[in-house]
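Step one of this worksheet: look at the structure below.
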Amino acid sequence: MGTQQGAGKWRQQELGLEAVETRLQALQEYLAVYRASFASSGSADSHARVRVLRRDVSRLRAWGWYLIACRDGARWLAVVQWLARVFSVLVVPQRHRSRRQQRTRTMRHLSSYSLVERAYAAQEDDIQGRLLTLRLAQRQNPNDLRAREIKRLERQVDEVVLLRLAGLPEARQLTVICHLLTWTMALRSCLGLRLPLADVADR
Amino acid sequence: MQAVTMLSPALDSLPRVFTLSDLKQLQPEESGGALDTVLRWLEAGVVKQVAPPRPVFYKVVLGEPLTDEDRCRALLRAFPSLVMVAGSALWRQGLSRQQDSVLECCVAETELSCHLPDVRLHWRPPAWWSAIRRAGGMAGDYHGVPMLNAELVLADASTFSGVWMPDRESVDWDRLSTARLSEASDYLRELRPR
């Protein structure tokens, strides 16, 4: 039972990390285009988008680092979690509309919680997209290999949904964790140390 | 169109191009239901997946082909790194008298299959976007899709093969700068496939 729970938790951590990496890759691609547009036009709109995206990338990368630490059982994790509990009372909760619902076309700041939640929701959509493609092919031309892959993806969707709905810390604690680790990463960068998830974020 | 409405009233309330997450927002109480709904629509042929397996779709309406705006919106939602290149960018900037028949775009993703009509995607290495930034090589956008400037279009077409370019005499050479063209070629030279 304990082993099953451990395996389930490990799988959830891996899925969470995969969601963060996939989203980071997409954000990096948006950032590359916006930076190129800003370099050519110098427009305030492009500049604002670049700034917002850079912030999003840093915070998501920080969350990815936290997930890696959870998976690897890093010793500093207890300190970060304690700090998150202590400082979370200072975080003012934000009332947010999603970017999709915002009226203006300019990108606005998302809370750390929304950012992470969106990464998990995007992963859920991506897996479901793959599932659709496979199910369509399966109905036209059934085979066992594809049936097994469909089952595996269906399980993954359930796990990501569970992770998004019940696997995240309280919003204010998550905000503190993201900010603490973002500052630590900035410090590491100043000291010339290698950053976590650098291979994903520096594509 | 009547058949489309009978399949589900939700399809009518969606824009011509939509994502799975748009549909989930319409049916928030049953996100698993959204998947089944789209599968039913795909089987009935009333929607198509823009670039499988990405969860972006467009509605198929007989006699109403997708407009340029729809195609651009669909591509932008499926490919974050999208940039318009080649003859498509030249035509839309008024630098060529020969219109493209296929929209030519570049993406960083390696999976290039796309079910949109009259669209051709080309892969470019991630360093390409950095080179474009250093060269200041964008010239505005077309329905949100960023376009390469004329000099970069020519440099890109000579560096990477396979993109459509208009005939030489159709290009308005007077509006191109030789100095900027040479600079653009320098930026892309190191990316030339060996």
Side-chain angles (χ1 to χ4, degrees), chain A residues 22-43 45-46 49-50 53 98-101 105 117-118 120-140 149-150 153-154 157-158 160-161 164-165 199-203, chain B residues 19-25 31-32 34-43 45 47-57 76 78-83 106-109 111 113 115 124-141 144-149 152:
Chain A
T22 311
R23 189 71 188 150
L24 265 178
Q25 209 163 46
L27 291 183
Q28 280 295 126
E29 285 174 11
Y30 281 122
L31 186 58
V33 175
Y34 290 152
R35 283 173 79 187
S37 299
F38 173 60
S40 310
S41 68
S43 79
D45 191 32
S46 307
R49 285 176 169 197
V50 168
L53 270 175
S98 69
R99 276 187 188 147
R100 200 186 304 278
Q101 291 168 314
R105 288 189 68 186
E117 202 190 20
R118 275 174 69 105
Y120 291 178
Q123 182 74 353
E124 184 187 321
D125 287 351
D126 279 355
I127 300 172
Q128 286 182 325
R130 270 182 272 164
L131 206 47
L132 271 177
T133 311
L134 288 177
R135 275 189 187 168
L136 203 62
Q138 183 71 351
R139 290 205 183 173
Q140 286 157 358
E149 179 64 4
I150 288 172
L153 289 179
E154 281 171 347
V157 170
D158 292 343
V160 178
V161 171
R164 183 167 59 80
L165 297 177
D199 47 340
V200 180
D202 293 340
R203 269 165 45 105
Chain B
T19 62
L20 193 58
S21 115
D22 294 334
L23 184 61
K24 284 179 188 172
Q25 284 187 351
S31 85
L35 196 66
D36 293 334
T37 307
V38 177
L39 186 61
R40 222 168 48 239
W41 289 343
L42 283 167
E43 280 180 319
V47 303
K48 275 194 177 170
Q49 204 163 357
V50 168
R54 294 173 181 81
V56 186
F57 311 89
L76 281 170
F79 299 97
S81 55
L82 189 77
V83 177
C106 284
V107 295
E109 290 81 355
E111 176 56 64
S113 76
H115 289 178
R124 294 286 181 268
W128 186 82
W129 278 261
S130 311
I132 301 302
R133 173 169 54 86
R134 287 198 307 274
M138 296 291 200
D141 67 278
V145 178
M147 294 185 288
L148 280 193
N149 68 28
L152 251 299

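Here is how names work: the chains are called A, B, and so on, in the same order as the sequence lines, proteins then strands, and each is numbered from 1.
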Leu35(B) vs Leu131(A), side chain to side chain contact (heavy atoms under 4.5 Å, CB included): CA-CA, chis, key distance, verdict: CA-CA 9 Å; Leu35(B) 196 66; Leu131(A) 206 47; 3.8 Å; yes
Residue part contacting chain B, namely of Ser37(A), when any heavy atom lies under 4.5 Å: both
Interchain contact, Ile127(A) with chain B, by part (heavy-atom threshold 4.5 Å): neither
Arg54(B)/Asp125(A) salt bridge by N-O under 4.0 Å criterion: no
Basic-acidic side-chain contact under 4.0 Å: Arg135(A), Glu43(B): no
Considering all heavy atoms, the nearest Pro55(B)-Asp126(A) contact: CD-OD1, 3.7 Å
Least distance between heavy atoms, Trp129(B) atom then Ala36(A) atom: O-CB, 4.3 Å
Let me know if [X] has heavy atoms under 4.5 Å from chain A in its side chain, its backbone, both or neither.
X	answer
Leu76(B)	backbone
Phe79(B)	neither
Gln49(B)	side chain
Pro146(B)	side chain

Separation between OG of Ser81(B) and CD of Gln25(A), rounded to the nearest 0.5 Å: 10.0 Å
Approximate separation, where rounding is to 0.5 Å, of Phe38(A) CZ and Arg133(B) CZ: 11.0 Å
Side-chain heavy-atom pair Leu82(B), Tyr30(A) within 4.5 angstrom cut-off: no
Heavy-atom side-chain proximity of Lys24(B) to Gln128(A) below 4.5 angstrom: yes
Residue selection (most heavy-atom pairs with chain B, distance under 4.5 Å) from Arg139(A), Gln140(A), Arg130(A): Arg139(A)
Under 3.5 Å donor-acceptor, Ser40(A) side chain and Gly137(B) backbone: yes
Options Leu20(B), Ile132(B), Leu39(B), ranked by heavy-atom pairs under 4.5 Å with chain A, top entry: Leu39(B)
Pairwise salt bridge (charged side-chain N to carboxylate O under 4.0 Å, His left out) hits with a residue in residues 30-40 of chain A, at least two apart: none
